[in-house]
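This report refers to the structure that appears directly beneath it.
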Amino acid sequence: MINITLPDNSVRIYPKGTTSLEVAKSISEGLARNVLSAKVNGEVWDALRPINSDATIKLFTWEDAEGKATMWHSSAHLMAEAIEFFYPGVKFGIGPNIENGFYYDIDFVDYTISSDDFKKIETKMLEIAQKKNQFIRKEVSKTEALDYFTKKNDTYKLELISDLEDGTISLYESGNFVDLCRGPHLADTSSIKAIKLLSIAGAYWRGDEKRKQLTRIYGITFPKQKELTEYLAMLEEAKKRDHRKLGKELELFAFSQKVGMGLPLWLPKGADLRMRLEEFLKKVQKKAGYLQVMTPHIGNKELYVTSGHYEKYGKDSFQPIKTPEEGEEFLLKPMNCPHHCEIYNIKPHSYKDLPIRLAEFGTVYRYEQSGELHGLTRVRGFTQDDAHIFCRPDQVKEEFLSVIDIVLYIFKTLDFKDFVTQISLRDPNNKEKYIGSDENWEKAENAIKEAATEKGLKTVVVEGEAAFYGPKLDFIVKDAIGRNWQLGTIQVDYNLPERFELEYTGSDNQKHRPVMIHRAPFGSMERFVAVLLEHCAGKFPLWLTPVQAILLPISEKYMEYSKKVLHLLNISDIRTEIDERNEKTGKKIRDAELQRIPYMIILGEKEEAEGNISIRKQGEGDLGTFTIEEFVKMINIEVNNLIEF
RNA sequence: GCCGAUGUAGCUCAGUUGGUCAGAGCAGCUGAUUUGUAAUCAGCUGGUCGGGGGUUCGAAUCCCUCCCUCGGCUCCA
């Protein structure tokens, strides 16, 4: 008999070789039906894997991330089985679960396959799933494993096996399909009730572009049809919010092949929005002691040789441009920091001057591979809300606190309620990979951790993720429909102060090297606008939206009165437009609603006679009649409530 | 850059096996209408069907090639 400890610390006694499924059954039939896998002594196991000694276990159902992972991993096997049925002789690469579903990389050899084939594969998968095939784990020797896949002529599996150690190899059999797999898997296929294959794409074997490209098929499964329906609705919603679509519809930005791919054109409304965001941040930064600077769009190649960026990222820059006479080489600015270092170096600094915070909305250009470009989130020319803080090592923590305050304020103002931060530290086993003294690294890493703790941030610490030049703190927000976006970043840098020989004179009258902090709360204006646009589905907060109110005269007869109102609102700093078209009110309202204009003001006989206005709120409907003064006051209160720092 | 898909008026999309197939709705323009909370009516103007080759008596439709876009891969200071 063995003792099984459950998460509530209760201990139950079972025969040796019991499975977590049996444990679940002994608790309740319902739990047994829902259990997908279990954590046994810290490791996720199949629900059917026998437990042979005392163990602490936690059962996973669909509600747990681990349960979903197990289901999706098994679903990948199920898909492989269905594919092997239709395309015998295909070779399988890897088929893992991912954040939302799973994929399998497959070499289809001589077959061609497209998304048109998904339907039949899905149907076959459901058919197999209903057979309730168990997933049977077999631990095999390396020789046995090699034998099996040699017979199958599955070269990819053979390569994977050859990298594994003997004694650690397991196969999983389910129905007619056997796969090399670490597991864990479902007890059987019957809990997979709803299946959708989502997309098909090429993927290099082992992510290496020099190796063969396999066909990757993505899919997702659920234990209930309803959940699949909901998931597909979420994808639809994401499609509706796509910033590329909304950007076009709301006339915020555009691209032109003639101008060049990946080079956004900001249309009047988009430019208005972006400038408002910039002004907003400038105001906050001014309060936080930043100094605004400006630097040119090109810089001498030597500048980037000095910074080290040319060597590391030269291939990702546009080709240098040359002066016709001297043959001097210039690069389109790929980043602002070297310029800011040179500004720091313009004059000598005392320790009393620090920190010096130089800020710039600096437009930079990077050569992104053509296949990588994507709307505003991945472009070849973009503007960073950049700043570089030059400070003493003992000031790092305080500066982090201050930057965190700015980021939190921005998130609050723009209604990003859900976010986590990631602290990236150096790999403790590979300290020689990094530049800068042990002492400084330790100081900076502790400063970041302390700052995050003091601000009560939800934090994930990842070792080995730091840049070679310093540790960093990244902000990852969850948008309105649950997707994660990495936005702001704060990074410590020991490298550039070294390379640019930055100095300050300490109280000891000796020269010291300042620490540099890079930070960009938005990341880039382009990316941030894209994320914000998708987050709010085009309904920007009132203080930010390009047009706050639109006047809708019932007919031409009320045009004169409408223009009077327009003038009054505009001099009250309410961004107002007027719909002068000869259209019915219903049409004007519809168009204003689609343009996501927060307030529609309807003006007809009644309003003109009484000298007031009727207000309709976007998405809500008629609010009734107000005086102009009341409306102005209402708007001002709403705006001020939103942006008080 | 690589694999796959796609590319038809400003926008969203129809176009059967190559043969009045250059279309619709919206937008735009003109006129009528003078309008009360999500589309008033009528008429008109828009396109060398992504570019360039080729096959054919004949190509939006078939083939080749290049380009953009989309989904991934790789990359991302």
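For the numbers below, each heavy atom of this structure counts, side chains included, while hydrogens, waters and symmetry mates do not. What you see is a predicted model, and the numbers here were worked out from it, not measured in a lab. Order of the sequence lines fixes the chain letters, A, B, ..., with proteins taken first and strands second; residue numbering starts at 1 for each chain.
- At the phosphate of B/C73, OP1 or OP2 sits under 4.0 Å from a side-chain N or O atom of A/Y218.
- Side chain to side chain, A/E159 and A/W205 meet the donor-acceptor criterion of an N or O pair below 3.5 Å.
- The CG atom of A/L373 sits 8 Å away from the P atom of B/C70 (whole-angstrom rounding).
- Base pairing analysis places B/A24 opposite B/U12; the two distances defining the Watson-Crick or G-U wobble pair are each below 3.5 Å.
- The side chain of A/D622 lies closest to B/U37, out of B/G72, B/U37, B/G1.
- The pairing partner recorded for B/G71 is B/C3, the criterion being a Watson-Crick or G-U wobble arrangement whose two distances lie under 3.5 angstrom.
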Every protein N/O lying under 3.5 Å from an N/O of nucleotides 3-7 of chain B:
unit_1: B/C3; atom_1: O4'; unit_2: A/Q213; atom_2: OE1; d: 2.5
unit_1: B/C3; atom_1: O2; unit_2: A/G202; atom_2: N; d: 3.3

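- When the side-chain nitrogen and oxygen atoms of A/K248 are compared with OP1 and OP2 of B/U12, one or more of them lie within a distance under 4.0 Å.
- Across every strand in view, B/A39 sits unpaired, with no contact that passes the Watson-Crick or G-U test at under 3.5 angstrom.
- Using a 90° window around 0 for the glycosidic torsion, B/G18 falls outside it and is classed as anti.
- At the heavy-atom level, A/M261 lies under 4.0 Å from the strands shown only through sugar-phosphate atoms.
- Side chain of A/I602, nearest nucleotide from B/C75, B/G71, B/G36: B/G36.
- In this structure, the salt bridge (charged side-chain N to carboxylate O under 4.0 Å, His left out) partners of A/R581, at least two apart in sequence or on a different chain, are A/D579, A/D591.
- Using modelled atom types and a 3.5 Å distance limit, the side chains of A/N300 and A/E329 yield no donor-acceptor pair.
- The distance between atom CD of A/E368 and atom P of B/G1, rounded to the nearest whole Å, is 13 Å.
- Contacts between residues 546-555 of chain A and RNA chain B, defined by a heavy-atom separation below 4.0 Å, involve A/I554, A/S555, listed by number.
- Within the nucleic acid shown, A/E249 has no heavy atom closer than 4.0 Å to any nucleic acid atom.
- Of the two residues contacting RNA chain B, namely A/S370 and A/G624, the nearest-nucleotide position lying further toward the 5' end is that of A/S370.
- No side-chain donor-acceptor contact under 3.5 Å links A/E311 and A/Y304.
- Ionic pairing of A/K119 and A/E122 is present here: one or more N-O contacts between side-chain nitrogen and carboxylate oxygen are shorter than 4.0 angstrom.
- Residue pairs meeting the salt bridge (Lys or Arg N to Asp or Glu O under 4.0 Å) criterion with at least one partner in residues 374-386 of chain A, sequence neighbours excluded, are A/E368-A/R378, A/E372-A/R378.
- For A/R378 against B/C75, a side-chain N or O and a base N or O form a donor-acceptor pair under 3.5 Å.
- For A/Y204, counting side-chain heavy atoms from C-beta on, the closest listed nucleotide (B/C76, B/A77, B/C73) is B/C73.
- A donor atom on one side chain and an acceptor atom on the other are not found under 3.5 Å apart for A/Q548 and A/T576.
- In this structure, A/K315 places its NZ atom 10 Å from C1' of B/A77, rounding to the nearest Å.
- Residue A/D474 contributes atom CG, which lies 10 Å from atom P of B/A77 at whole-angstrom precision.
- Within 4.0 Å (heavy atoms only), A/S307 reaches no atom of the nucleic acid at all.
- B/U45 is unpaired under the Watson-Crick or G-U wobble criterion, no partner having all donor-acceptor distances under 3.5 Å.
- Of the residues in residues 98-108 of chain A, not one places a heavy atom less than 4.0 Å from an atom of RNA chain B.
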Could you list all N or O pairs between the protein and nucleotides 38-44 of chain B that sit under 3.5 Å apart?
unit_1: B/A38; atom_1: N7; unit_2: A/R616; atom_2: NH2; d: 3.2
unit_1: B/A38; atom_1: N6; unit_2: A/E593; atom_2: OE1; d: 3.1
unit_1: B/A39; atom_1: N7; unit_2: A/R590; atom_2: NE; d: 3.2
unit_1: B/A39; atom_1: N7; unit_2: A/R590; atom_2: NH1; d: 3.1
unit_1: B/A39; atom_1: N7; unit_2: A/R590; atom_2: NH2; d: 3.4
unit_1: B/A39; atom_1: N6; unit_2: A/R590; atom_2: NH2; d: 2.5
unit_1: B/A39; atom_1: N1; unit_2: A/R590; atom_2: NH2; d: 3.4

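- For A/F390, the ring pair (Phe, Tyr, Trp, His ring centres under 6.0 Å) partners are A/Y344, not counting sequence neighbours.
- Residues meeting the ring pair (Phe, Tyr, Trp, His ring centres under 6.0 Å) test with A/F400, sequence neighbours left out: none.
- Distance noted for atom C1' between B/A9 and B/G15: 15 Å (whole Å).
- Annotation: of the two residues near RNA chain B, A/H518 and A/R581, the 5′-most nearest-nucleotide partner is A/R581.
- Note on A/G207: only backbone sugar-phosphate atoms sit closer than 4.0 angstrom, heavy atoms only; bases stay farther off.
- Residues that satisfy the ring pair (Phe, Tyr, Trp, His ring centres under 6.0 Å) test with A/Y218, not counting sequence neighbours, are A/Y103.
- The partner of B/C57 is B/G19, judged by Watson-Crick or G-U wobble contacts that both fall below 3.5 Å.
- Here the P atom of nucleotide B/A77 and the CG atom of A/D386 are 14 Å apart, to the nearest Å.
- Shown are A/K245, A/K240, A/R244; of these, the salt bridge (charged side-chain N to carboxylate O under 4.0 Å, His left out) with A/D242 is made only by A/R244.
- Contact annotation for A/K606: base contact, defined as any heavy-atom pair under 4.0 Å involving a base atom.
- OP1 or OP2 of B/A77 sits under 4.0 Å from a side-chain N or O of A/Y313.
- Among the protein residues, A/D316 comes within range of the nucleic acid bases, having at least one heavy atom under 4.0 Å from a base atom.
- Side-chain contact annotation: A/N440 with A/Y494, donor-acceptor N/O pair under 3.5 Å absent.
- The CD-P distance, from A/E251 to B/A27, rounds to 14 Å in whole Å.
- With hydrogens and angles ignored, no donor-acceptor pair under 3.5 angstrom links the side chain of A/Y558 to the base of B/G36.
- Considering only side-chain N and O atoms, A/R244 lies under 4.0 angstrom from the phosphate OP1 or OP2 of B/C70.
- At B/G72, none of the side-chain N or O atoms of A/H374 fall inside 4.0 Å of OP1 or OP2 (strictly under the cut-off).
- One can place CG of A/D242 at 14 Å from P of B/U69, the figure rounded to the nearest angstrom.
- The distance between atom CD1 of A/I94 and atom P of B/G72, rounded to the nearest whole Å, is 17 Å.
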Name the atoms and distances for all side-chain donor-acceptor pairs under 3.5 Å in residues 601-611 of chain A, with sequence neighbours left out.
unit_1: A/E607; atom_1: OE1; unit_2: A/G604; atom_2: N; d: 2.9
unit_1: A/E607; atom_1: OE2; unit_2: A/S614; atom_2: OG; d: 2.5
unit_1: A/E610; atom_1: OE1; unit_2: A/N612; atom_2: ND2; d: 3.2

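- Seen from the ring of A/F92, A/K157 does not count as a face-on cation partner, given the 6.0 Å and 45° thresholds.
- For A/W266, the side-chain hydrogen bond (donor to acceptor under 3.5 Å, both in side chains) test picks out no residue, with sequence neighbours left out.
- Here NE2 of A/H388 is found 8.0 Å from CG of A/D493. Values are rounded to the nearest 0.5 Å.
- Taking the salt bridge (charged side-chain N to carboxylate O under 4.0 Å, His left out) definition, one finds that A/K584 meets it with nothing, sequence neighbours left out.
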